Amino acid sequence: MEAPAGLKYSKEHEWVTTDEAVATIGITDHAQEQLGEIVFVELPAVGDSVSKDDPFGVIESVKAVSDIYAPVSGSVVAVNEELAESPETVNEDPYGDGWLIKVRVSDPTDFEDLMDSEEYESMVAEEKES
Amino acid sequence: MVAEAVKRTPLYETHRRLGARMTEFAGFAMPLQYRGILEEHRAVRTAAGLFDLSHMGEFMVQGPGALSLLEATLTNSAARLAEGQAQYTIMCADDGGTIDDLIVCRLGADQYMLCVNAANIAADWEALAAAPHPEVILQDISDGTALVAVQGPHAVRILAPMAASVERMRRFHVIRAKLAGSIESTIARTGYTGEDGFEIFVAARDAAKIFELLLEAGADCGLQPCGLGSRDTLRLEAALPLYGHELDRATSPLEAGLGAFVKFGHGFRGEAALAVQRDRGVRKSLVGIRTDDGKAIARQGYPLWSGNRPIGAVTSGTYAPTFARPLALGYVEAAAGFAPGSALEVEIRGRRVSATVVALPFYRRAGSRN
């Protein structure tokens with residue numbers, strides 16, 4: 001399991017970039033591994049707003065359907081259109097080409113309760129033990 | 001309430017060593033996948049796959065009264081089985097609802113083996129024991145029996161060097177053979193994948209050895225260990241029912257489209273109720289469903305609509321790797337008469353998506369009749 005430093009992480013296994021007004025959001029390596037082979041990704045449209053801790057889209061693997069939760073609130077400025085044809089990119093490159101959406105962050109304090117990579121890694125380790 | 005311990009098959013350690021991701025199914029820790037559901041699915045369609053099915057139950061039914069008991073409790077006609085033949089059959093309740101679907105193998109003159117779903121072992125046993133059965137010895141041999149399946153176009157090539165007689169076996173035939181010179185086995189040319197293949201029953205103590213031998217024997221042909229994930233996508237493409245999805249106590253085999261396995265006239269439990277359904281029509285029918293956008297998956301429980309009328313629900317839905325699109329099975333009101341090509345809608349997360357009824361099975365292997 002890989003969780004790059006410099007990103008912020010949610011309890012629901014999403015990552016978000018922090019260094020700009022427009023944040024990129026995706027799911028973690030651990031999340032894609034748990035889901036298995038991803039075959040469909042349903043994302044909002046540009047201009048939609050997303051609310052922190054609410055589902056903004058859906059990821060389907062062969063076995064299961066899972067909600068994706070917004071780690072921060074904001075308005076969607078870009079969605080990863082490539083995933084419509086190649087959803088497996090989320091498995092192959094979850095922190096790179098497998099990004100999901102970019103949002104203009106409405107409230108920078110949304111980042112405060114998110115985890116850094118070390119905190120996220122220890123949460124995952126605890127989940128695995130329990 | 002104390003949770004019951006999750007049971008392990010004799011191959012549990014083998015699965016861990018092979019790096020399987022495990023899941024719980026019918027009270028057993030079972031492999032969900034090894035290298036991935038899609039890859040395992042493709043291996044079975046194009047080469048071969050090896051499955052641990054040791055969670056399934058096996059009953060021996062023996063003695064002069066054995067056939068009478070089977071005729072009284074199962075919808076298909078066990079009387080038509082010659083020694084060395086197997087058949088798919090259904091166990092029904094009085095109201096025609098399905099207790100289980102299973103395979104009967106006739107191993108000897110008065111000797112039959114039933115292979116039943118793991119989740120239904122107790123219910124099946126109860127139903128058999130409740131029927132009058134003079135001169136029958138009923139034995140549940142599930143715990144001491146392991147079941148592994150080799151499925152796929154190369155299955156016969158993999159198994160033949162270990163048991164030459166399998167090459168001459170026809171579909172739904174069963175033999176006893178010594179594998180690798182010493183392992184006693186019962187081999188049926190049956191499966192749950194839509195491919196050619198064999199299901200091999202051995203003593204639990206021999207399971208790990210036979211699994212290893214088959215993995216080695218199949219390595220050159222592209223055989224892969226396969227988990228329940230690909231078993232489900234394979235059986236769905238072949239439109240083979242899964243108990244708890246297409247079949248349950250509230251569903252009859254006629255509603256499930258399994259009329260070919262219901263032989264009227266031998267006095268089986270539920271026959272009167274099924275005769276009424278046959279004569280007056282069934283309340284619901286199983287259909288194949290393809291969502292038109294080819295993206296979102298219609299999953300179990302999703303409502304089906306025709307215009308503004310709720311007409312049924314999806315019972316199984318998944319991404320179908322062979323077709324690279326989602327496919328589903330579901331029940332619709334029989335009266336609505338949804339022939340292949342009919343339009344309907346599936347409600348996916350509150351949104352109605354247009355879909356089309358398609359003929360079953362979705363997948364039929366080249367050169368097969370069934």
Side-chain angles (χ1 to χ4, degrees), chain A residues 1-2 12-13 27-45 48 50-51 53-70 76 79-94 98 100-101 124-125 127-130, chain B residues 19-25 30-44 226-237 242 245 290-302 314 316-328 346-351 353:
Chain A
M1 205 269 310
E2 190 194 340
E12 304 287 350
H13 306 283
I27 65 164
T28 66
D29 187 37
H30 175 70
Q32 70 78 20
E33 196 181 298
Q34 289 300 306
L35 288 169
E37 293 140 306
I38 292 166
V39 293
F40 177 59
V41 181
E42 193 174 280
L43 296 173
D48 288 357
V50 300
S51 301
D53 300 331
D54 284 352
F56 70 83
V58 161
I59 290 189
E60 299 216 42
S61 66
V62 181
K63 280 303 284 180
V65 49
S66 311
D67 285 323
I68 330 163
Y69 295 86
V76 178
V79 302
N80 189 346
E81 308 282 357
E82 304 292 318
L83 300 182
E85 288 309 312
S86 309
E88 67 278 7
T89 310
V90 179
N91 291 119
E92 291 159 3
D93 192 8
L100 302 176
I101 58 171
V124 170
E127 278 185 7
K128 279 182 180 168
E129 277 166 28
S130 62
Chain B
R21 179 179 301 174
M22 305 298 286
T23 187
E24 191 184 329
F25 182 80
M30 299 298 294
L32 173 65
Q33 61 175 68
Y34 301 82
R35 290 167 67 171
I37 294 171
L38 301 179
E39 188 174 337
E40 291 161 28
H41 182 106
R42 271 190 291 272
V44 173
C226 294
L228 295 186
S230 57
R231 184 168 162 82
D232 192 50
T233 55
L234 289 157
R235 72 91 195 168
L236 188 130
E237 286 184 349
L242 174 60
H245 290 250
R290 189 179 64 202
T291 44
D292 295 334
D293 75 354
K295 297 289 183 191
I297 300 173
R299 295 192 187 264
Q300 183 182 24
Y302 288 9
V314 172
S316 293
T318 188
Y319 178 80
T322 304
F323 303 94
R325 65 177 302 149
L327 293 171
V346 189
E347 184 181 325
I348 299 180
R349 296 181 286 279
R351 195 164 53 90
V353 174

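Below, read A as the first sequence line, B as the second, and so on, with proteins coming before strands; counting in each chain starts at 1. Hydrogens, waters and symmetry mates play no part in the numbers below; they use all other heavy atoms, side chains included. No experiment lies behind these values; they were computed from the predicted model shown.
Residues of residues 81-90 of chain A that come within less than 4.5 angstrom of chain B, heavy atom to heavy atom, are A/A84, A/E85 in numerical order.
With respect to the salt-bridge test (charged N to carboxylate O, under 4.0 angstrom), the residues A/E42 and B/K295 do not qualify. For the pair B/R349 and A/E60, the salt-bridge criterion is met [side-chain N within less than 4.0 Å of a carboxylate O].
For B/A296, the parts lying under 4.5 angstrom from a heavy atom of chain A are both the backbone and the side chain.
A donor-acceptor pair under 3.5 Å is absent between the side-chain atoms of A/D67 and the main chain of A/V58, judged by distance alone.
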> Given the rule in the side-chain hydrogen bond (donor to acceptor under 3.5 Å, both in side chains) test, do B/S316 and B/Q300 qualify, once you have shown the distances and angles that lead to the verdict?
Replying inline: CA-CA 5 Å; B/S316 293; B/Q300 183 182 24; over 6 Å; no
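Contacts of B/E40 classified as salt bridge (charged side-chain N to carboxylate O under 4.0 Å, His left out), with partners at least two apart in sequence or in another chain: none.
Side-chain atoms of B/E237 and B/H41 include a donor-acceptor pair closer than 3.5 Å.
Among B/I37, B/T318, B/T233, B/D232, the residue making the largest number of heavy-atom pairs under 4.5 Å with chain A is B/I37.
For the atom pair CD of B/Q33 and CD of A/E37, the computed distance is 6.0 Å after rounding to the nearest 0.5 Å.
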